[in-house]
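FYI, side chains are in, hydrogens and waters are out, and symmetry mates aren't considered; it's all heavy atoms of this structure. Computed from a prediction, not measured in an experiment: that's the story for all the values here. Here is how names work: the chains are called A, B, and so on, in the same order as the sequence lines, proteins then strands, and each is numbered from 1.
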2 protein chains.
Amino acid sequence: MQGWEDIRSEVLARIRSRVWPPGETIPTEEALAKEFDCARATVSRALRELAQSGVLERRRKAGTRVAMLPVRKATLDIPVIRQEVNAKGQTYSFRLLAQATATPPMAVAARLGLAQAAKMLHLQTLHLSDGRAHVLEDRWLNPDAVPPLPDFAAISANEWLVAQVAFASGDIAFSAEPASPAEALALSVAPSTALFITERCTWSPEAPITWVRLAHAPGYRLQTVL
Amino acid sequence: MQGWEDIRSEVLARIRSRVWPPGETIPTEEALAKEFDCARATVSRALRELAQSGVLERRRKAGTRVAMLPVRKATLDIPVIRQEVNAKGQTYSFRLLAQATATPPMAVAARLGLAQAAKMLHLQTLHLSDGRAHVLEDRWLNPDAVPPLPDFAAISANEWLVAQVAFASGDIAFSAEPASPAEALALSVAPSTALFITERCTWSPEAPITWVRLAHAPGYRLQTVL
DNA sequence: AAGTGGTCTAGACCACGCA
DNA sequence: GCGTGGTCTAGACCACTTC
């Protein structure tokens with residue numbers, strides 16, 4: 001017969017063909033279950049997925065409507081850098097450029113919600129792909145929030161943290177910025193070159209863990225399917 | 001008692017606290033249902049959501065494992081530009097800079113899978129936020145794939161298409177590029193300024209619809225919560 | 001072959017939010 | 001109040017994949 005994916009497709013087809021135009025209230029789960037001759041839970045599953053991807057808006061009592069101005073939701077995969085390089089069939093390596101304990105810049109401390117005077121571990125790591133500069137990582141790490149630190153010349157902070165502090169919450173932002181003189185030097189590009197920047201904050205339930213800024217070498221593209 | 005969200009939290013807590021470390025196989029749905037004293041479907045829902053967010057890997061017969069190198073999945077909202085500006089409490093406006101029928105550049109035709117000789121509609125639109133340049137939109141539109149065209153000086157192509165070709169599939173990519181002379185002029189920035197670029201292709205089931213490149217004014221950040 | 005997740009069912013109760 | 005979606009249940013069968 002049909003599964004919830006078929007029902008999702010059928011509903012989507014009716015939306016695309018304007019049988020159910022934007023803003024319109026579609027039939028209730030019960031009515032659709034009757035039409036498709038299946039259990040309500042099956043319809044529910046299909047409609048839930050469509051709502052999650054922004055196609056439908058659902059409210060109790062009000063019913064289910066086709067979204068007026070659909071906010072497209074794109075899902076991005078954010079892999080560990082080593083994986084990302086390997087996925088392209090290239091060889092990954094990295095170099096620890098600097099490691100020091102210091103007080104972070106005001107902006108970093110503020111973002112993490114730490115007292116500015118707090119000492120943090122500052123790491124700079126260059127990630128290479130087939131021996132060429134790929135990403136420059138600038139990281140501030142709260143040493144109180146994580147287990148005893150390893151030798152960051154042997155395992156990249158990027159990868160170690162993922163394993164240690166798995167699945168913590170946080171936020172992430174993407175932007176474009178001109179390469180600072182230091183970044184230009186590390187990445188072997190001209191100063192002020194347009195760089196793709198990933199900036200990320202991570203908290204454990206108890207304390208801020210880390211702030212990291214990744215400056216990607218020119219040509220980097222973050223891509224996904226809608 | 002407890003719902004699937006509580007079970008999700010509990011499982012996540014066990015993962016974070018390393019009761020179930022990365023790579024470990026966790027108990028079966030049936031076993032967990034017994035432990036939590038609920039139906040298997042409830043456990044299933046909780047584990048499905050965790051798998052969807054990359055925390056768990058599930059395979060029939062093999063069972064459910066904690067992901068070794070969790071690929072973080074971030075969900076981005078991609079609103080219509082007018083909405084995006086309004087959400088910041090600013091006033092949206094736009095200016096149609098150019099409109100012409102022409103043959104697209106080879107790169108665009110190739111990406112859309114069209115013969116290079118095909119004529120397409122070329123639109124350049126400047127989107128403004130509180131009267132200041134915000135995004136420069138460069139769009140190629142397949143006129144055969146959409147209903148009769150409106151006056152793009154009255155409604156922006158960005159918004160018209162969302163309503164007309166709702167929920168089509170496509171892909172999207174983000175990058176950083178230096179402003180071309182034309183872009184610099186339109187956005188009132190110095191040439192070679194680092195710009196955040198969004199590039200997007202859209203297809204309907206039958207035909208390619210549109211290719212669009214958005215060049216965002218400096219300071220733009222694409223942000224989300226993990 | 002057998003174990004595990006994936007899905008479906010028929011029914012029930014609950015929570016929310018319009019009227 | 002009462003209609004709608006949100007969830008849970010107990011059971012069943014199926015699909016995949018490893019053993």
Side-chain angles (χ1 to χ4, degrees), chain A residues 1-15 19-68 70-71 73 75 167, chain B residues 1-15 19-68 70-71 73 75 167:
Chain A
M1 306 305 175
Q2 69 207 346
W4 66 270
E5 289 184 289
D6 301 291
I7 296 182
R8 182 185 57 182
S9 297
E10 174 59 24
V11 170
L12 197 52
R14 291 185 191 180
I15 291 170
V19 174
W20 294 332
E24 178 122 338
T25 300
I26 74 171
T28 65
E29 291 189 348
E30 202 177 350
L32 289 173
K34 197 173 156 191
E35 178 192 341
F36 293 126
D37 190 30
C38 68
R40 182 165 78 93
T42 306
V43 173
S44 189
R45 174 80 188 271
L47 298 187
R48 184 201 310 146
E49 304 269 335
L50 287 169
Q52 196 165 13
S53 59
V55 172
L56 295 175
E57 291 169 357
R58 318 192 74 192
R59 289 202 322 275
R60 289 162 143 114
K61 168 69 178 178
T64 301
R65 295 169 152 244
V66 180
M68 282 282 219
V71 174
K73 301 208 168 142
T75 302
F167 320 115
Chain B
M1 291 301 195
Q2 69 208 342
W4 67 269
E5 290 184 286
D6 301 291
I7 295 182
R8 182 184 57 183
S9 297
E10 174 59 22
V11 170
L12 197 52
R14 290 186 191 180
I15 291 169
V19 174
W20 294 332
E24 177 123 339
T25 301
I26 74 172
T28 64
E29 292 188 348
E30 201 177 352
L32 289 173
K34 198 172 155 192
E35 179 193 338
F36 293 127
D37 190 30
C38 66
R40 182 165 79 94
T42 307
V43 173
S44 190
R45 174 79 187 271
L47 298 186
R48 183 200 312 148
E49 303 269 336
L50 287 169
Q52 195 164 14
S53 59
V55 171
L56 295 175
E57 291 170 356
R58 318 193 73 192
R59 287 201 324 271
R60 291 163 144 114
K61 169 71 179 180
T64 300
R65 296 171 152 240
V66 180
M68 282 282 218
V71 174
K73 306 221 161 126
T75 301
F167 319 114

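Environment of CD in B:Glu30: sparse, with no more than 12 heavy atoms of neighbouring residues, nucleotides or ligands closer than 6.0 Å. For NZ of A:Lys73, the number of neighbouring non-hydrogen atoms (other residues, nucleotides, ligands) closer than 6.0 Å is greater than 12.
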Each nucleotide in nucleotides 9-19 of chain C should get exactly one letter: B, S or -. Can you fill that in based on protein heavy atoms under 4.0 Å?
B--B--BBBB-
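B:Val66 is listed as a side-chain neighbour of B:Leu56, based on a closest heavy-atom distance under 4.5 Å.
Here the closest heavy-atom approach between residue B:Pro27 and residue B:Trp20 is recorded as CD-CZ2, 3.5 Å. Smallest separation of non-hydrogen atoms from A:Gly23 and A:Arg65: O-NH1, 3.2 Å.
A straight line from CZ of A:Arg45 to C1' of C:dG5 spans 12 Å, rounded to a whole angstrom. The separation between B:Glu49 atom CD and D:dT7 atom P is 9 Å, rounded to whole Å. Between the CD atom of B:Glu57 and the C1' atom of C:dG5 there is a distance of 15 Å, given to the nearest Å. For the pair A:Glu5 CD and D:dC14 P, the computed distance is 18 Å after rounding to whole Å. Rounded to whole angstrom, the span from the CZ atom of A:Arg58 across to the P atom of D:dG3 amounts to 18 Å. Residue A:Leu56 contributes atom CG, which lies 11 Å from atom P of D:dG6 at whole-angstrom precision. We find that CD of A:Gln52 is positioned 11 Å from P of D:dG6, with the value rounded to whole Å. Atoms CG (B:Leu32) and P (D:dC8) sit 15 Å apart, rounded to a whole Å.
Regarding contacts with the backbone of D:dG6, every side-chain N or O of A:Arg48 stays at 4.0 angstrom or more from both OP1 and OP2.
In this view, A:Arg48 satisfies the salt bridge (charged side-chain N to carboxylate O under 4.0 Å, His left out) rule with no residue, not counting sequence neighbours. The salt bridge (charged side-chain N to carboxylate O under 4.0 Å, His left out) test applied to A:Glu29 returns A:Arg40, A:Arg58, not counting sequence neighbours. Here B:Arg45 pairs with B:Glu49 under the salt bridge (charged side-chain N to carboxylate O under 4.0 Å, His left out) rule; sequence neighbours left out. Applying the side-chain hydrogen bond (donor to acceptor under 3.5 Å, both in side chains) test to A:Glu35 and every residue at least two apart in sequence or in another chain returns A:Arg14.
Within 4.0 Å (heavy atoms only), B:Thr64 reaches sugar-phosphate atoms of the nucleic acid but no base atom.
Which of D:dT7, D:dG5, C:dT7 sits closest to the side chain of A:Trp4 comes down to C:dT7.
Heavy-atom distances under 4.0 Å link DNA chain C to no residue of residues 23-30 of chain A.
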